[in-house]
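Take a look at the structure below.
Here, residue 1 is the first one in the sequence, and each next residue gets the next number.
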Amino acid sequence: MLKRSILSAAILASISGTAFAAPAYIVTTDADSGGGSLREALGSGASVITIAGGVGDIVINDTLEYDSENPLKIIGSGQTIIGGDFTLFAATEGADLEIINRSVEGPRIYDENDNPTGYDLDNQGGGNAILVDVPLDREGVVQLRLANVGVSGVGDHGILMSDCDELDCGAGQTGTGDGSDASIHAVFSDVTVIDSGWGKPDGDGVRLNERDLGGIIFEATHSSFNNNGADGIELDEADEGDVMIAVRNVELDQNGAFCRPLPDDESDAEEPYEERCYDDGEIDLDDAFDIDEDGDGSILGWIAHVWATGNLDEGIDFDEAGPGGFDLALSHIEGWNNGDEAIKTSEEDGGDLVVTLSSVTAGENGNDGMQLEEEGDGNVNVVIQSTDMMMSEGDGIKVEESDHGDLNLAIRGVNSTENEDAGILAAESDDGDFTMTVNGTVTADNGDVGIDAEQDDDGEGTLRVRGSNISDGIDTSGVDEI
């Protein structure tokens with residue numbers, strides 16, 4: 001497994017060159033423009049801007065733009081920047097940006113259904129609260145650092161950091177656009193992003209777009225991303241770079257709200273629902289935390305103490321397509337009442353799926369509690385321990401490998417109960433080998449069997465169960481129980 005120290009070293013190396021130097025500017029008025037205003041400060045050449053404590057909330061009439069490539073640090077005193085139907089703050093030349101103790105708020109009007117903004121299909125619009133746009137000639141690492149920052153009420157992405165030359169780059173295998181050679185690095189501490197992305201389809205709480213040679217580094221601690229129109233967080237890397245994550249103490253609740261309410265029957269969906277929630281004729285819903293990596297890169301890192309509840313589609317939804325793979329550690333995850341899986345990882349093509357999950361609790365999700373899948377020549381190496389899965393509308397745990405790779409699964413101290421299908425399903429469906437060990441595990445009251453172990457085609461399969469209570473039985477196909 002990728003060690004946290006390795007990830008931390010890579011992150012530290014990426015930021016070591018950043019420095020903020022004089023001159024400085026002190027904002028002394030809450031006026032939109034003129035002497036002493038934040039707008040004047042952004043055009044002054046200052047590398048550090050401090051908003052004085054006596055300055056109140058700042059109401060702006062159009063975008064606050066920082067058009068320099070030099071690093072900028074803004075230190076607020078708890079003020080809120082309040083704007084209208086436009087992007088509120090934009091760093092347009094890919095500058096390293098740090099913002100401390102400041103909030104950014106969009107229109108925040110409510111419609112007749114108590115949605116947090118009055119946007120709908122006939123009234124689409126709104127901009128980003130914070131935008132960092134990376135020019136095509138940038139190199140190195142572009143950073144966005146936010147501490148004690150709130151974002152709310154904008155119609156588009158709450159926070160957008162984009163190394164892509166198109167307005168809407170799409171995502172994953174369907175993503176478009178070109179980017180620079182730079183990587184992008186976001187660091188959030190005590191950040192709240194709520195009620196954003198209601199003015200258009202696919203308006204996320206946080207969105208990072210990366211194209212061409214660079215990768216994505218994303219860190220978040222003690223933050224919440226709730227009730228956003230599309231994904232709470234989406235990281236989209238569509239070429240050669242890796243996605244590296246370090247996430248701790250984060251809440252992701254009720255995201256994907258732009259597509260509520262769902263139709264009772266997808267086949268009966270009519271305008272305007274199809275217009276806002278369908279892509280190429282298929283329903284396309286949004287998650288709490290979504291990563292799409294397409295190309296040579298991998299998805300690497302760790303997540304700990306994360307709550308993903310009541311999101312319209314998956315809680316955690318990570319997809320990797322291309323030669324890269326997964327190397328992830330997830331621990332102390334709570335996933336309840338999500339419309340699809342609480343946790344889903346999907347690897348396509350040649351990379352391996354290497355995941356360790358510890359102390360996960362998930363229940364009452366609309367599909368499997370946990371679904372880990374590899375489709376291609378890569379192997380599956382998964383450890384699940386000290387975990388409770390219950391009352392899912394599919395399997396409690398599903399782990400699958402389809403193609404030439406091997407499946408190696410270790411289950412330790414797991415309870416999987418009252419799921420509509422199997423408590424634990426593991427399947428290898430081509431000529432790879434299947435190895436599964438189960439220790440100290442309980443399954444009970446599942447709609448199907450407790451453990452369903454399958455190896456199809458030419459590979460060998462073994463299942464070892466020790467010290468466990470599988471009260472609803474074990475089914476095997478092509479697997480020897482030893």
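- Taking the side chain to side chain donor-acceptor pair (under 3.5 Å) definition, one finds that R39 meets it with D32, D62, sequence neighbours left out.
- D395 contributes no side-chain N or O that, together with a main-chain N or O of D368, makes up a donor-acceptor pair within less than 3.5 Å.
- Between the D294 side chain and the E237 main chain, no donor and acceptor come within less than 3.5 Å of each other.
- A cation-pi arrangement is present between R102 and F89 under the rule of less than 6.0 angstrom and at most 45 degrees off the ring axis.
- Pairs passing the salt bridge (charged side-chain N to carboxylate O under 4.0 Å, His left out) check and including a residue from residues 332-341, sequence neighbours excluded, do not occur.
- Between the side chain of S37 and the main chain of G35, no donor-acceptor pair closer than 3.5 Å is present.
- D231 contributes a side-chain N or O that, together with a main-chain N or O of D287, makes up a donor-acceptor pair within less than 3.5 Å.
- Formation of a donor-acceptor pair under 3.5 Å by the Y66 side chain with backbone atoms of L97 is not found in this model.
- The pair D202-R207 counts as a salt bridge, with a side-chain nitrogen and a carboxylate oxygen less than 4.0 angstrom apart.
- Side-chain contact between I82 and I60 is absent, with no heavy-atom pair separated by less than 4.5 Å.
- Ring geometry for F289 versus F318: interplanar angle over 60°, hence perpendicular rather than tilted (30 to 60°).
- Among L213, L136, D163, the single residue meeting the side chain to side chain contact (heavy atoms under 4.5 Å, CB included) criterion with D181 is L213.
- Within the 3.5 Å criterion, the main-chain N or O of D195 finds no donor-acceptor partner in the side chain of N227.
- Side chains of I49 and V27 form a contact here, defined as non-hydrogen atoms less than 4.5 Å apart.
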